[in-house]
Amino acid sequence: MSVEAASSPEGEQLASHLERPAGQGHTPHDAFTGAAGGAACGDLIRISLALDAGSSDGRILDAGFDASGCGATVAAGSATVSLMRGAPLLQVARIGAHEIAAELGGLSAGKRHAAELAADALHRALGAAAREGAALAPAEGRTLVAMSGGVDSAVAALLVTRAGGQAVGVTLELWSDPANDGDLSCCSAQAVRGARELAHELGMPHLSIDLRAEFRAGVVDGWLADHADGLTPNPCVRCNGNVRLDAMLELAARLGSQTLATGHYARVSESPAAGGGEAPVPLLRTAADLSKDQSYVLSALTPASLARLRFPLGEMRKQQVRELAERAGLAVARKRDSQDLCFLAGTRHGDFLERHGGLGRRAGAIVDQRGNVLGEHAGAHRYTVGQRHGLGISAPEPQYVLATDAQANTVTVGPRSALLAHAVAVREATLHRDGRCVDGVRVRAHGRRFPCRLPGELAAGRHASLAVELDEPAERTAPGQFACLYAGDVVVGYGTIAS
């Protein structure tokens, strides 16, 4: 360190943490540990912390760190430990790279990386502690807000704060793949850091939860297995209904909050209980902006979960959301929406199937409805019912995929008229209300709702199978996709489309 740097206030603070690093080499008993850095940058830091199990605010009882690499990384670890020892969990959740750098008297651009790594390691440890060890006292008005780093979740957080509540941000790290474009994903390590910075700009504490193992087991593995079986699954419905939102609702309870707000475009409607019960049952309702409605991907949520969920954007249009973000000075006001499946994020569908599911190229026949061979494909798992482009065949009229056979490895094609159907077979169905109320079905996330009815006397509850009779013929949807059932604008059931 230069004489000039050492004699400045900033240099003195940095030197103090380098000469007497707080907590270096110390790992508290029953600690939660997070790490950041590694081979890519040469710097590595591990932050460990222990919660006071008897405190109602999740106070940090003890903390320590280990670091290798440049001196700034050691100093950043020491500064992080100094900032969080004895502090309540939600106060520590406000610590980011800016606060760590400030504790060191400010860092040059070249050393800022050390503060960012320390913040990443801290929040991995803090997220694990919050998820597994926190038991904060209930706090009226406290709402956990799911944040992806995009404009919708940012405005949802803004609206919760403006309503007078205490907003606590949370972001899930669901997938990590070097072949992905992390900037395009809503659940990558880059997205987590961006969401944390955004939450801190809004004056909110922020937590990040590593849910990669649960996401792989509960969503991706099933998605890969379904493709191997010749199905075209919808992972978003499965994720929202069984993995992502459940984990955040559980975290909310640990943080003393009964509610979770998200940036989804949807609403909740109180409906009479099935069987004439007195207490109304919360059911999902379409958003005011039907062009952005996300009721389909949320359709598997239980009424118990919906009772604790809040959708601040449900009555708003997308343009209103962007305008509100601009007026609030949010940098994400014009950030583009994510379009792909979060775990694909710039990766080709076929490449992902091959890399993670072992579903490589496998030559097979493209046949017509009579079994005549029209061409060759690279694997039946790469095609889906209704697909028109990418078939590589010529015919007098456009050809569409009518069916795939994973065992025979064939793809059957035909004219669009052969896709039309008057009914949809659904398996593993759930009805929240009597089947007689069903008057619409949606079979694609952004598709239209088709008028329909359910024949017979179907009571609310689970059904191994049911038939949805359409008022007008519609193009068949690939087996494995979801059917979302409506009564007016209220979601009253769902199930998986059968072969």
Side-chain angles (χ1 to χ4, degrees), residues 93-94 96-98 112 116 119-120 123 143-162 167-209 211 215 235-236 239-240 244-245 248 260-266 287-294 296-298 310-347 445-446:
R94 297 177 185 273
H98 176 78
R112 174 83 180 184
E116 292 172 345
D120 287 346
H123 281 272
T143 298
L144 190 66
V145 183
M147 301 187 71
S148 65
V151 62
D152 292 331
S153 58
V155 170
L158 184 66
L159 291 173
V160 170
T161 302
R162 288 184 175 180
V168 178
V170 60
T171 305
L172 304 181
E173 185 176 358
L174 300 177
W175 191 253
S176 179
D177 186 343
N180 284 10
D181 185 338
D183 293 328
L184 293 178
S185 174
C186 63
C187 57
S188 64
Q190 295 98 311
V192 169
R193 180 182 286 181
R196 181 170 69 236
E197 292 173 352
L198 181 57
H200 289 170
E201 287 177 14
L202 291 169
M204 296 165 48
H206 181 273
L207 293 163
S208 51
I209 306 299
L211 212 67
F215 183 74
C236 299
C239 180
N240 287 322
R244 192 164 68 106
L245 294 177
M248 289 189 284
L260 169 68
T262 82
H264 288 103
Y265 289 83
D289 185 352
L290 290 178
S291 68
K292 300 300 293 183
D293 175 55
Q294 293 174 291
Y296 178 92
V297 296
L298 298 171
R310 303 292 180 267
F311 301 115
L313 310 188
E315 300 287 349
M316 301 179 67
R317 298 194 173 275
K318 183 71 177 194
Q319 187 57 33
Q320 292 176 294
V321 172
R322 291 200 182 278
E323 289 171 357
L324 183 55
E326 285 189 333
R327 289 197 299 270
L330 300 181
V332 295
R334 290 296 162 186
K335 183 178 179 180
R336 66 173 178 166
D337 296 337
S338 57
Q339 300 292 334
D340 215 344
L341 296 179
C342 64
F343 53 87
L344 291 183
T347 301
H446 302 291

Can you name the nearest heavy-atom pair linking [X] to [Y], along with the distance?
X      : Y      : result
Gln319 : Arg334 : NE2-NH2, 3.5 Å
Ala266 : Ala287 : N-CB, 3.7 Å
Ala119 : Gly96  : CB-C, 4.0 Å
Gly169 : Met204 : N-CE, 3.4 Å
Ala445 : Val297 : CB-CG1, 4.2 Å

For the backbone of [Y] and the side chain of [X], can you confirm whether one donor and one acceptor N or O come within less than 3.5 Å of each other?
X      : Y      : answer
Lys318 : Asp152 : no
Arg244 : Cys239 : no
Glu197 : Gly194 : no

Results of side-chain contact (heavy atoms from CB on, under 4.5 Å) for Ser153 - residues two or more places apart only: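 Partners of Ser153 under the side-chain contact (heavy atoms from CB on, under 4.5 Å) test: Met147, Ser148.
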At what distance, to the nearest 0.5 angstrom, does [atom1] of [X] lie from [atom2] of [Y]?
X      : Y      : atom1 : atom2 : value
His446 : Gln294 : NE2   : CD    : 7.0 Å
Asp289 : Leu313 : CG    : CG    : 10.5 Å
Asn240 : Leu245 : CG    : CG    : 5.0 Å
Glu315 : Arg317 : CD    : CZ    : 10.5 Å
Phe311 : Leu260 : CZ    : CG    : 8.0 Å

Take Leu159 and Arg310 through the side-chain contact (heavy atoms from CB on, under 4.5 Å) test and state the conclusion after the steps. CA-CA 11 Å; Leu159 291 173; Arg310 303 292 180 267; over 6 Å; no
Under 4.0 Å between a side-chain nitrogen and a carboxylate oxygen: does that hold for Asp120 and Arg193? yes
Is Lys292 salt-bridged to Asp337, going by a charged N under 4.0 Å from an acidic O?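 A salt bridge links Lys292 with Asp337.
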Do [X] and [Y] have side chains that get closer than 4.5 Å, going by heavy atoms?
X      : Y      : result
Met248 : Leu172 : yes
Val168 : Val145 : no
Glu173 : Ile209 : no
Thr161 : Leu202 : no
Leu198 : Val332 : yes
Thr171 : Arg196 : no
Leu290 : Tyr265 : no

Pair Leu324, Met316 - check side-chain contact (heavy atoms from CB on, under 4.5 Å), show working. CA-CA 11 Å; Leu324 183 55; Met316 301 179 67; 4.2 Å; yes
With under 30° as parallel and over 60° as perpendicular, where do the rings of Trp175 and Phe215 fit, or are they tilted in between? perpendicular
What orientation do His200 and His123 show, parallel under 30°, tilted 30 to 60°, or perpendicular over 60°?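 His200 and His123: tilted rings.
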With Arg327 via side-chain hydrogen bond (donor to acceptor under 3.5 Å, both in side chains) - residues at least two apart: none
